[in-house]
Amino acid sequence: MKKTHVYVALSISFFLLISLSLSAQTRTQSPPKLYKSSPIVEPSVVKIPFEITNPGFVELQLFNDEKERIWIKGKVVNRVGKSYIAIPRKPLKPNTRYEYILKYKGKDYSSSFYAS
C-alpha cells in the first residue's frame with residue numbers, strides 16, 4: 001500500500017510540474033501587443049504612454065500638421081507593462097495637432113495630440 005501512495009504522489013507531482021511548465025510557455029508565446037493611452041501634455045514634455053505585452057523596442061515617429069516627419073525616438077523596454085516616450089515641448093508649436101506612430105514588433109499604432 002505504501003508504494004502505491006508514493007507512486008500516486010509522484011504522478012501527481014509530475015503532472016503539476018508539466019502543467020505549470022505548459023502554462024508558462026503559453027503565456028510567453030502570446031502575440032506581442034501594444035496598448036496606447038492618452039498623451040499627457042505637460043509644460044516641458046508630452047508623454048506618450050503605452051503598455052506592451054512582451055519586452056522589445058518601441059519607436060515613436062512624430063508628424064506635424066503638414067504630415068512631415070519631424071522627430072523619431074526609439075526606446076528599448078526590457079519589461080512587460082507600462083512605459084512612455086517623452087517628447088520635449090521646446091520644438092513643438094503651440095495650438096497645433098501632431099500625429100504620431102508607435103512602432104512595435106512590426107506593427108504600427110497611430111494617434112495624435114494637441115499641443116496647446
Side-chain angles (χ1 to χ4, degrees):
M1 289 286 243
K2 288 184 180 181
K3 286 184 180 179
T4 305
H5 290 277
V6 170
Y7 176 74
V8 169
L10 288 174
S11 296
I12 291 172
S13 297
F14 180 73
F15 174 76
L16 290 173
L17 181 66
I18 295 298
S19 296
L20 289 173
S21 175
L22 290 174
S23 174
Q25 286 179 2
T26 302
R27 275 185 269 135
T28 58
Q29 293 177 355
S30 64
K33 291 190 180 186
L34 181 143
Y35 299 97
K36 300 177 295 179
S37 296
S38 297
I40 302 163
V41 180
E42 297 180 350
S44 61
V45 296
V46 175
K47 293 180 181 177
I48 307 296
F50 56 88
E51 185 172 349
I52 55 175
T53 59
N54 297 69
F57 183 77
V58 179
E59 178 182 279
L60 180 134
Q61 295 185 8
L62 183 65
F63 300 87
N64 64 14
D65 54 352
E66 297 171 0
K67 309 291 186 216
E68 299 171 319
R69 186 172 53 202
I70 58 170
W71 201 71
I72 298 175
K73 184 173 184 179
K75 180 177 183 177
V76 175
V77 183
N78 292 324
R79 61 182 172 77
V80 172
K82 296 179 181 181
S83 189
Y84 68 89
I85 296 177
I87 303 168
R89 287 289 303 262
K90 200 165 201 157
L92 302 180
K93 295 177 186 174
N95 303 318
T96 304
R97 175 153 305 279
Y98 290 90
E99 294 184 13
Y100 64 89
I101 299 172
L102 290 169
K103 294 180 173 278
Y104 171 68
K105 303 280 187 178
K107 292 189 178 180
D108 293 354
Y109 302 84
S110 301
S111 194
S112 65
F113 65 89
Y114 186 74
S116 54

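Worth saying up front: this structure is predicted, and the values here are computed from it rather than measured.
Taking every heavy atom of both residues into account, Lys73 and Ile85 meet most closely at CD-CG2, 3.9 Å. The minimum heavy-atom distance linking Ser38 with Pro49 is given by the pair O-CG, 3.3 Å. Nearest approach of Pro88 to Trp71, heavy atoms of both residues: CD-CZ2, 3.7 Å. The shortest non-hydrogen separation linking Phe63 to Ile101 is CE1-CD1, 3.7 Å. Smallest separation of non-hydrogen atoms from Tyr100 and Ser37: OH-O, 4.3 Å. Pairing each heavy atom of Leu102 with each of Lys36, the nearest pair is CD1-CG, 4.4 Å.
Here NZ of Lys33 is found 11.0 Å from CG of Asn54. Values are rounded to the nearest 0.5 Å.
Around NZ of Lys105, the count of heavy atoms belonging to other residues, nucleotides or ligands within 6.0 Å exceeds 12.
In this structure the side chain of Ile70 reaches within 4.5 angstrom of the side chain of Tyr98, judged on heavy atoms. In this structure, the side chains of Ile52 and Tyr35 stay at 4.5 Å or more apart for every pair of heavy atoms. When side chains are defined from C-beta on, Ile48 does not count as touching Leu62, because their heavy atoms never get closer than 4.5 Å. Side-chain contact between Asp65 and Arg97 is absent, with no heavy atoms from C-beta onward closer than 4.5 Å.
Among residues two or more places apart in sequence or in another chain, the side chain to side chain contact (heavy atoms under 4.5 Å, CB included) test is passed with Ser83 by Phe50, Lys75, Val77.
Relative ring orientation between Tyr109 and Tyr104 is described as tilted, the plane-to-plane angle lying within the 30° to 60° band.
Ion pairing of Glu99 with Lys67 is present here, as a side-chain N (NZ or NE/NH1/NH2) and a carboxylate O approach within less than 4.0 Å.
The hydrophobic cluster containing Ile87 does not contain Tyr84, counting ILVMFWY residues as joined when their side-chain heavy atoms lie under 4.5 angstrom apart, directly or transitively.
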